[in-house]
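Chain letters run A, B, ... following the sequence lines, proteins first, then strands; residues in each count from 1.
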There are 2 protein chains.
Amino acid sequence: MTDRPAPLASSKALNIAQEVRRRIIDREWRQGDRIPDEVELAIELGVARATVNKALQLIAEEGLLERRRRAGTHVTVNPVRKAVLSIPVVREQVEQAGRTYSHRVISQRLRPVPAKVAARMDLAPGSQLIHLRTVHLADDAPFQAEDRWPNPAAVPEMLAVDFRRDNANEWLVRNAPYTRADLSFSAENANKRDVLLLDTRPGQALLVLERTTSNDMGAITHVRLAFHPGYSMSAE
Amino acid sequence: MTDRPAPLASSKALNIAQEVRRRIIDREWRQGDRIPDEVELAIELGVARATVNKALQLIAEEGLLERRRRAGTHVTVNPVRKAVLSIPVVREQVEQAGRTYSHRVISQRLRPVPAKVAARMDLAPGSQLIHLRTVHLADDAPFQAEDRWPNPAAVPEMLAVDFRRDNANEWLVRNAPYTRADLSFSAENANKRDVLLLDTRPGQALLVLERTTSNDMGAITHVRLAFHPGYSMSAE
DNA sequence: CTTCGTGATATGTCTAAACTTATTCATCGA
DNA sequence: TCGATGAATAAGTTTAGACATATCACGAAG
């Protein structure tokens with residue numbers, strides 16, 4: 001029987017990263033301190049420098065370390081908290097919760113964009129876009145109200161699509177891939193339309209996600225998603 | 001003059017990643033397709049396999065590719081959108097906007113935790129924690145209302161700290177590093193206290209961030225941050 | 001027909017070595 | 001005193017090669 005080299009719950013690089021995090025958290029390396037360089041750590045830990053490099057880069061991405069050529073690696077003084085949000089497709093979100101998904105298109109027609117949306121999409125005010133209003137349901141209860149402005153200039157075929165049959169989000173993901181997405185979260189008091197779509201009362205606080213997606217050619221779509229009351233979005 | 005080997009706007013690995021993204025976006029590789037394996041790509045692009053590996057791992061993290069040993073690398077069918085939120089320390093957030101930061105501690109005392117908070121922090125109901133209420137100001141206008149439950153069991157010294165002088169968030173970051181943070185966003189209608197602290201009207205929709213931080217020993221603190229009306233949080 | 005190996009294969013990981021590049025620091029000259 | 005210059009340094013990147021490991025696919029045994 002060959003003795004296995006390590007328990008290997010995970011990779012060497014990850015073990016090193018964990019050890020480095022421990023030293024930072026346990027104050028062996030204080031905020032602002034310069035830590036030993038890659039060569040030293042490689043020798044101390046008995047691995048190749050490339051492995052130490054991988055581990056340190058990982059932690060630097062997490063924000064606990066700052067690295068600069070020649071200056072060395074330092075423990076970040078005021079680490080900015082980063083949170084990764086996963087924003088799944090509505091349908092999957094609903095189905096993953098074990099509920100039945102459906103959606104209803106309220107309206108679909110060509111309209112000039114409102115100024116605010118035009119600004120976000122970097123379009124000339126008054127441009128004609130498709131305007132689409134949809135409500136997404138979980139077990140026939142309103143889950144999310146969608147107010148979308150797809151840009152036919154991005155994908156001309158979209159003018160021929162009937163979004164009553166094809167889910168707009170999924171059609172766009174498949175037919176108009178984007179390279180950039182700007183999103184923002186806010187809280188809004190339910191307006192009349194929200195009340196109607198989400199079956200709630202006026203003024204109810206709603207979590208609102210606004211997203212603008214674009215590629216090199218320009219904006220593809222802007223969408224405002226209002227979640228049902230009480231919805232909360234988790235991270236990390 | 002030695003002719004430089006490449007324009008080298010960035011590294012080879014990043015250039016390869018960009019090229020791979022392009023092929024996915026331009027539909028040269030369709031959703032679900034298996035793409036050429038690392039060795040093939042390395043030969044095609046004239047680089048080492050390790051470089052291709054780095055590029056593909058990067059894109060897999062972004063969610064556009066799925067990789068499994070032996071099965072190969074496939075283009076993700078329904079990519080989950082991921083967004084990275086940066087959650088800066090309040091003080092820096094305010095100062096970065098060119099405004100003057102200040103804060104006022106409304107109350108600080110030992111109290112039994114409410115059931116909801118106890119559940120989040122995984123504590124026995126009725127445990128005694130410090131309860132701290134603070135309002136953060138930008139140019140003397142309310143910016144954020146904070147409702148915090150630090151756990152003295154995590155760092156006993158905190159019982160002796162006067163948070164009127166030391167910013168609680170910053171004291172904790174320095175003296176009680178955490179390894180885990182759970183956060184969630186929601187929208188809430190302003191309650192009476194929010195109205196008072198944020199100088200707004202009852203029912204106003206507020207963006208609320210709740211965060212529980214902990215380390216191996218258990219929960220360190222739970223905090224509810226209510227932002228001033230109209231505040232929005234952006235990502236990517 | 002099903003189940004259980006077993007080999008082939010694509011990715012995962014690590015290493016040692018070399019080269020590149022940004023940045024600091026000390027030295028020297030104006 | 002100040003600024004320019006250049007050497008030294010630490011991280012960044014790439015390479016070729018090796019071995020590890022998960023899993024797919026196929027064939028043998030039941």
Side-chain angles (χ1 to χ4, degrees), chain A residues 1-21 23-24 29 32-77, chain B residues 1-21 23-24 29 32-77:
Chain A
M1 171 183 166
T2 61
D3 65 339
R4 36 197 63 194
L8 196 56
S10 41
S11 71
K12 276 194 199 180
L14 291 182
N15 289 338
I16 292 172
Q18 195 50 50
E19 167 64 11
V20 169
R21 280 191 211 98
R23 291 189 187 182
I24 295 171
W29 296 335
D33 278 6
R34 172 165 176 182
I35 76 172
D37 68 37
E38 295 186 347
V39 176
E40 274 184 74
L41 282 175
I43 294 169
E44 182 203 327
L45 302 168
V47 299
R49 182 168 81 94
T51 307
V52 172
N53 180 278
K54 199 176 172 186
L56 295 185
Q57 290 211 7
L58 180 67
I59 298 183
E61 265 174 41
E62 294 173 0
L64 281 181
L65 290 178
E66 277 174 348
R67 324 190 71 206
R68 283 195 344 275
R69 278 178 175 154
R70 159 72 202 187
T73 300
H74 294 256
V75 180
T76 304
V77 175
Chain B
M1 171 183 168
T2 62
D3 65 338
R4 34 197 63 195
L8 197 56
S10 42
S11 71
K12 278 193 197 181
L14 291 182
N15 288 338
I16 292 173
Q18 196 49 50
E19 167 64 10
V20 169
R21 280 191 212 98
R23 291 188 187 182
I24 295 171
W29 297 334
D33 278 6
R34 173 165 175 183
I35 76 172
D37 67 39
E38 295 185 347
V39 176
E40 274 184 73
L41 283 174
I43 294 169
E44 183 203 325
L45 301 168
V47 299
R49 182 169 82 92
T51 307
V52 173
N53 181 277
K54 199 176 172 186
L56 295 185
Q57 290 211 7
L58 179 69
I59 299 182
E61 265 175 40
E62 294 173 359
L64 280 180
L65 291 179
E66 277 174 348
R67 325 190 71 208
R68 283 195 346 274
R69 277 175 176 158
R70 158 73 202 187
T73 300
H74 294 256
V75 179
T76 303
V77 174

Can A:Thr76 and A:Glu62 be said to form a side-chain contact (heavy atoms from CB on, under 4.5 Å), step by step?
-> CA-CA 10 Å; A:Thr76 304; A:Glu62 294 173 0; over 6 Å; no
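Rounded to whole Å, atom P of C:dT23 lies 14 Å from atom CZ of A:Arg34. Rounded to whole Å, atom C1' of C:dA8 lies 13 Å from atom CG of B:Asp37. Spacing between atom CG of B:Leu65 and atom P of C:dA10 amounts to 17 Å, rounded to whole angstrom units. In this structure, NE2 of A:His74 is placed 13 Å from C1' of D:dT9, rounded to the nearest angstrom. The CD-C1' distance, from B:Glu66 to C:dG12, rounds to 17 Å in whole Å. To the nearest angstrom, P of C:dT23 lies 14 Å from CZ of A:Arg67. If you measure from atom CG of A:Asn15 to atom C1' of C:dC14, you get 13 Å, rounded to the nearest angstrom.
Taking only side-chain nitrogens and oxygens, B:Thr73 comes nearer than 4.0 Å to OP1 or OP2 of C:dT11. Contact check, A:Lys12 against C:dG12: no side-chain N or O comes under 4.0 Å of OP1 or OP2.
Remark: B:Arg49, B:Asn53, B:Gln57 in residues 42-60 of chain B come within less than 4.0 Å of DNA chain C through at least one heavy atom.
Remark: A:Glu44 engages A:Arg23, A:Leu41 in a side chain to side chain contact (heavy atoms under 4.5 Å, CB included) (not counting sequence neighbours).
Atoms OG1 and CG, on A:Thr73 and A:Asp33 in that order, are 12.5 Å from each other to the nearest 0.5 Å. To the nearest 0.5 Å, atom CD of residue A:Glu40 and atom CG of residue A:Leu45 are 11.0 Å apart. Atom CD of A:Glu61 and atom CZ of A:Arg67 lie 11.0 Å apart (nearest 0.5 Å).
Residues A:Asn53 and A:Gln57 bring a donor and an acceptor atom of their side chains to less than 3.5 Å of each other.
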Show me the protein contacts with nucleotides 23-25 of chain D, counting only N or O atoms at under 3.5 Å.
residue, atom, partner, partner atom, Å
D:dC24, OP1, B:Arg68, NH2, 2.8
D:dC24, O4', B:Arg70, NE, 3.3

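Between B:Leu64 and B:Val20 there is no side-chain heavy-atom pair separated by less than 4.5 Å. Between A:Arg21 and A:Leu58, the closest side-chain pair of non-hydrogen atoms falls below 4.5 Å. No side-chain heavy atom of B:Ile35 sits under 4.5 Å from any side-chain heavy atom of B:Ile24.
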